[in-house]
Amino acid sequence: MHIGPDTVVTFHYTLRDEAGVELESSRGADPAAYLHGANNIIPGLESAMVGQSGGDTFTATVSPADGYGLRHPEKVQRVPIKHLSFKGKLSAGDVVQLSTDDGMRTVTVTKAGRHTADIDTNHPLAGQTLVFDIEVSEVRSATAEELTHRHVHGPGGHHH
Ligand code: ZN
């Protein structure tokens, strides 16, 4: 079966940046799973999956626009440290929780001062060209329930 609309795809991936540095990998753990055509994964990877089938391996290079979006400089802002929740000493590179009017959100600290911190609310992979090594494990038809829920059930998917 080939990957196309309304198929469920189980796959292993290794994600690297343009310089070849590994960022994430599913290898050594359970494979990932997604419902094709439901925006479960980034657009650039989903379009590279079309027509592949179980056992296929390929490399997909995804531009920021088809990945996690461009980096927005205005998403770096200075906030009072009391708005951040963290333990111990705050340092650049820490991923912490920021309390906002809409609840808590995860941000990255770019600079820590005594009373304020500069934080980046961009997705950590925003602005990066992403290189995926993909190995398709299995392709099957989605169930009626999965199509209604717009996500995969069972291994690699939702359990409910
Ligand atoms: Zn569901």
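Everything numeric in this text was worked out from a predicted model, so none of it was measured. For ligands, and for the atoms within them, numbers begin at 1 and follow the listed sequence. Keep in mind that the numbers below use all heavy atoms, side chains included, and drop hydrogens, waters and symmetry copies.
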Work out how many protein N, O or S atoms lie closer to the Zn ion (ligand 1) than 2.8 Å.
4

Looking only at heavy atoms, which two atoms of L35 and V152 are closest? And how far apart?
N-CG2, 3.3 Å

Cut-off 3.5 Å, no hydrogens considered: what does the side-chain donor-acceptor table look like for residues 105-112, sequence neighbours left out?
{"residue": "T106", "atom": "OG1", "partner": "Q97", "partner atom": "NE2", "Å": "3.1"}
{"residue": "T110", "atom": "OG1", "partner": "D118", "partner atom": "O", "Å": "3.2"}

Test salt bridge (Lys or Arg N to Asp or Glu O under 4.0 Å) applied to D66 - qualifying residues, sequence neighbours left out
none

Please check if the side chain of E146 supplies one atom and the backbone of T143 the other of a donor-acceptor pair under 3.5 Å.
yes

Can you list the other members of the hydrophobic cluster that holds V76, where links are side-chain heavy atoms under 4.5 angstrom apart?
none

Check whether T59 reaches the backbone of I134 with its side chain - one donor and one acceptor, N or O, closer than 3.5 Å.
no

